[in-house]
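The chain is numbered in sequence order, starting from 1.
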Amino acid sequence: MLYWLAQTMDFAGVFNLVRYLSFRTGAAIATALVIGLLIGPKFIGWLRVRQGKGQPIRDDGPQSHLAKRGTPTMGGLMILTAMVSSVMLWMNLSSIYVWACIFVTLGFGAIGFLDDYDKVTKASHKGLSGKMRLFFEFLIAGIAAWMIVQQNGTALYVPFWNGPAINLGPFYFLFAAFVIVAFGNAVNLTDGLDGLATMPVIIASLAFLLIVYLVGRADFAEYLGIPHVPGAGDLTILCGAIIGAGLAFLWFNAPPAAVFMGDTGSLALGGTIGVIAVSTHHEIVLGIIGGLFVVEAMSVIIQVFFYKRTGKRVFKMAPIHHHFEQIGWSEPTVVIRFWIISIVLALAGLATLKLR
């Protein structure tokens with residue numbers, strides 16, 4: 001909104017800064033952070049009153065988690081409120097990429113909210129059926145993929161390879177939708193310990209903040225040999241809003257957590273990062289930067305696959321962060337070590353920008 005005003009009106013002095021992408025990105029981080037910190041206490045109090053017993057805790061999980069009973073969930077609403085408010089204030093709303101991302105953010109957030117609401121009202125950790133969730137997730141992701149393809153085509157760019165892009169044609173729609181849905185659910189599966197998902201999401205957003213800026217600049221994209229996507233640079237503001245809102249939420253989610261983000265936040269954040277990767281043609285690089293989330297999701301798939309066929313478990317418990325708890329790691333140890341892994345993977349993903 002402020003960007004549009006700066007473009008249509010003759011501002012002078014400090015107001016002219018609004019036209020600069022770097023200024024608006026920094027402002028988006030600060031705005032989301034301040035909004036999140038301001039609404040946090042009252043919002044958490046309201047959730048605690050409305051939910052009573054809070055998020056249901058699995059009885060078959062680590063025994064240390066039973067002490068978390070009564071902690072309210074749906075804290076993702078705080079993140080989305082701060083994030084979307086900041087985006088609407090600072091972003092260029094004429095960009096199709098903006099609307100595709102917001103569509104996924106709000107759509108996945110709504111699915112997560114319904115799932116959280118079902119868990120709280122029924123006092124069960126099961127929530128909505130998996131088939132119903134996936135149907136609506138693929139529907140939303142498919143529409144977003146269609147919006148993006150109208151702007152930047154169906155090419156798949158492979159890191160570490162300087163050859164031509166692979167044109168997937170109509171299959172790209174399915175591939176792009178899969179990336180968005182898969183990453184949304186991968187982040188959702190990772191959100192099982194205090195602060196475990198929040199910081200890796202912030203780290204991935206920092207990495208993509210740099211990527212979308214470079215992709216949006218023709219000169220930098222040509223120098224690095226990466227695809228140039230006109231208009232994608234504005235997504236740096238969205239990445240900044242995720243960072244600011246995530247930091248504000250982490251303030252309240254730090255151990256011991258005063259609130260859980262729930263599926264409302266984890267599904268929406270994962271889907272948003274997924275659609276940013278699709279918008280910038282960095283879908284494969286997302287698998288490196290978000291490698292921690294990929295491992296968490298794969299641990300569940302492997303566990304279910306082998307258990308159904310052999311009756312035996314590969315891990316003591318899945319997702320894999322619970323496995324490490326079961327072998328004796330404390331919750332803070334798991335969280336901090338997983339943060340370190342996220343930083344290393346983000347740096348590895350960024351290294352692919354030059355290795356072409």
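Note: the hydrophobic cluster containing Phe175 also contains Trp146 (ILVMFWY, side chain heavy atoms under 4.5 Å, direct or indirect links). The cluster map of Ile, Leu, Val, Met, Phe, Trp and Tyr, joined by side-chain heavy atoms under 4.5 Å apart, puts Leu174 and Leu168 in different clusters. Taken together through direct or relayed side-chain contacts under 4.5 Å among Ile, Leu, Val, Met, Phe, Trp and Tyr, Leu347 and Val295 form part of one hydrophobic cluster. Phe324 and Met298 sit in two unconnected hydrophobic clusters of ILVMFWY residues. Membership requires side-chain heavy atoms under 4.5 Å apart, directly or through other members. Linking Ile, Leu, Val, Met, Phe, Trp and Tyr residues whenever their side-chain heavy atoms come within less than 4.5 Å places Met88 and Leu33 in a single cluster.
Of the possible donor and acceptor atoms, none in the side chain of Thr333 sits under 3.5 Å from a partner among the backbone N and O of Trp329. Panel note: side chain His321, backbone Leu196; no donor-acceptor pair is recorded below 3.5 Å. Counting only distance, with no hydrogens or angles, the side chain of Asp194 and the backbone of Ala257 share a donor-acceptor pair below 3.5 Å. In terms of modelled atom types and a separation under 3.5 Å, the side chain of Asn188 and the main chain of Leu267 share no donor-acceptor contact. Here the side chain of Ser266 pairs no donor or acceptor atom with the backbone of Asp191 at under 3.5 angstrom. When atom types are taken as modelled, the side chain of Ser299 and the backbone of Glu296 share a donor-acceptor pair closer than 3.5 angstrom. Not a single donor-acceptor pair under 3.5 Å links the side chain of His322 to the backbone N or O of Ile320. Under a 3.5 Å cut-off, the side chain of Thr190 and the backbone N or O of Ala186 do form a donor-acceptor pair. Under a 3.5 Å cut-off, the side chain of Thr198 and the backbone N or O of Gly195 do not form any donor-acceptor pair. In terms of modelled atom types and a separation under 3.5 Å, the side chain of Ser86 and the main chain of Met83 share no donor-acceptor contact.
Checked against side-chain contact (heavy atoms from CB on, under 4.5 Å), Tyr307 has the following partners two or more places apart in sequence or in another chain: Arg313. Partners of Trp46 under the ring-ring contact (aromatic ring centres under 6.0 Å, His included) rule, at least two apart in sequence or in another chain, are Phe43. With sequence neighbours left out, the ring-ring contact (aromatic ring centres under 6.0 Å, His included) criterion links Phe249 to no other residue. Scanning for ring-ring contact (aromatic ring centres under 6.0 Å, His included) contacts around Phe315 gives His323, with sequence neighbours left out.
Taking 4.5 Å as the limit, some side-chain heavy atom of Phe252 sits within range of a side-chain heavy atom of Met78. Two residues are said to be in side-chain contact when any heavy atoms from C-beta on lie closer than 4.5 Å; Cys101 and Leu235 meet this criterion. The closest side-chain heavy-atom distance from Leu269 to Met261 is below 4.5 Å. Counting heavy atoms from C-beta on, the side chains of Ile273 and Leu286 come closer than 4.5 Å. Within the 4.5 Å cutoff, no side-chain heavy atoms of Phe108 are placed close to those of Leu80. Residues Met74 and Phe260 have side chains not in contact (no heavy-atom distance under 4.5 Å, counting atoms from C-beta outward). Residues Ile102 and Val98 are in side-chain contact: their nearest non-hydrogen atoms beyond the backbone lie under 4.5 Å apart. Within the 4.5 Å cutoff, no side-chain heavy atoms of Leu156 are placed close to those of His281.
To the nearest 0.5 Å, the span separating CZ on Phe178 from CZ on Phe138 amounts to 6.5 Å. Atom OG1 of Thr264 sits about 8.0 Å away from atom CG of Asp115, to the nearest 0.5 Å. The structure places CG of Leu134 at 12.5 Å from CG of Leu139, a figure rounded to the nearest 0.5 Å. The CG atom of Asp116 sits 4.5 Å away from the CG atom of Asp263 when rounded to the nearest 0.5 Å. The distance from the CD1 atom of Ile243 to the CG atom of Leu250 is 13.0 Å, given to the nearest 0.5 Å. Of the inter-residue distances, the one linking Phe306 atom CZ with Lys312 atom NZ reads 11.5 Å to the nearest 0.5 angstrom.
Closest of all the heavy-atom pairs between Ile276 and Leu238 is CD1-CD2, 3.8 Å. The nearest pair of heavy atoms linking Pro159 to Thr352 is CB-CB, 4.0 Å. The two atoms that bring Ser279 and Ile148 nearest to each other are OG-CD1, 3.3 Å, heavy atoms only. Taking each heavy atom of Val215 and Ile226 in turn, the nearest pair found is CG2-CD1, 4.0 Å. Smallest separation of non-hydrogen atoms from Val275 and Thr272: CG1-O, 3.1 Å. The heavy-atom pair separating Ile35 from Ser85 by the smallest distance is CD1-CB, 3.8 Å.
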In sequence, state the C-alpha distance, the side-chain angles, and the governing distance for Ile242 and Val201, and then conclude on side chain to side chain contact (heavy atoms under 4.5 Å, CB included). CA-CA 8 Å; Ile242 295 173; Val201 163; 3.9 Å; yes
Go through the steps to decide whether Val285 and Ile289 satisfy the test side chain to side chain contact (heavy atoms under 4.5 Å, CB included), and finish with yes or no. CA-CA 6 Å; Val285 174; Ile289 292 175; 3.7 Å; yes
Decide side chain to side chain contact (heavy atoms under 4.5 Å, CB included) for Val104 and Ile180; before the verdict, give the C-alpha distance in whole Å, the side-chain angles of both, and the deciding distance to 0.1 Å. CA-CA 9 Å; Val104 170; Ile180 296 169; 4.0 Å; yes
Side chain to side chain contact (heavy atoms under 4.5 Å, CB included) between Leu193 and Glu325, worked out: CA-CA 10 Å; Leu193 303 178; Glu325 282 190 291; 3.4 Å; yes
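Within the structure, no pair that satisfies the ring-ring contact (aromatic ring centres under 6.0 Å, His included) test touches residues 202-238, not counting sequence neighbours.
Inspection of the Thr25 and Ser22 side chains reveals no N or O donor paired with an N or O acceptor under 3.5 Å. Inspection of the Asp234 and Ser95 side chains reveals no N or O donor paired with an N or O acceptor under 3.5 Å. If you check the side chains of Arg133 and Asn185, you find a donor sitting under 3.5 Å from an acceptor.
Within 6.0 Å of the CH2 atom in Trp251, the count of heavy atoms belonging to other residues, nucleotides or ligands does not exceed 12. Heavy atoms of other residues, nucleotides or ligands lying less than 6.0 angstrom from CD of Gln150 number more than 12. Annotation for Phe173: atom CZ counts as buried by contact number, over 12 foreign heavy atoms lying within 6.0 Å.
Clustering of Ile, Leu, Val, Met, Phe, Trp and Tyr side chains at separations under 4.5 Å places Leu189 together with Val300, Val304.
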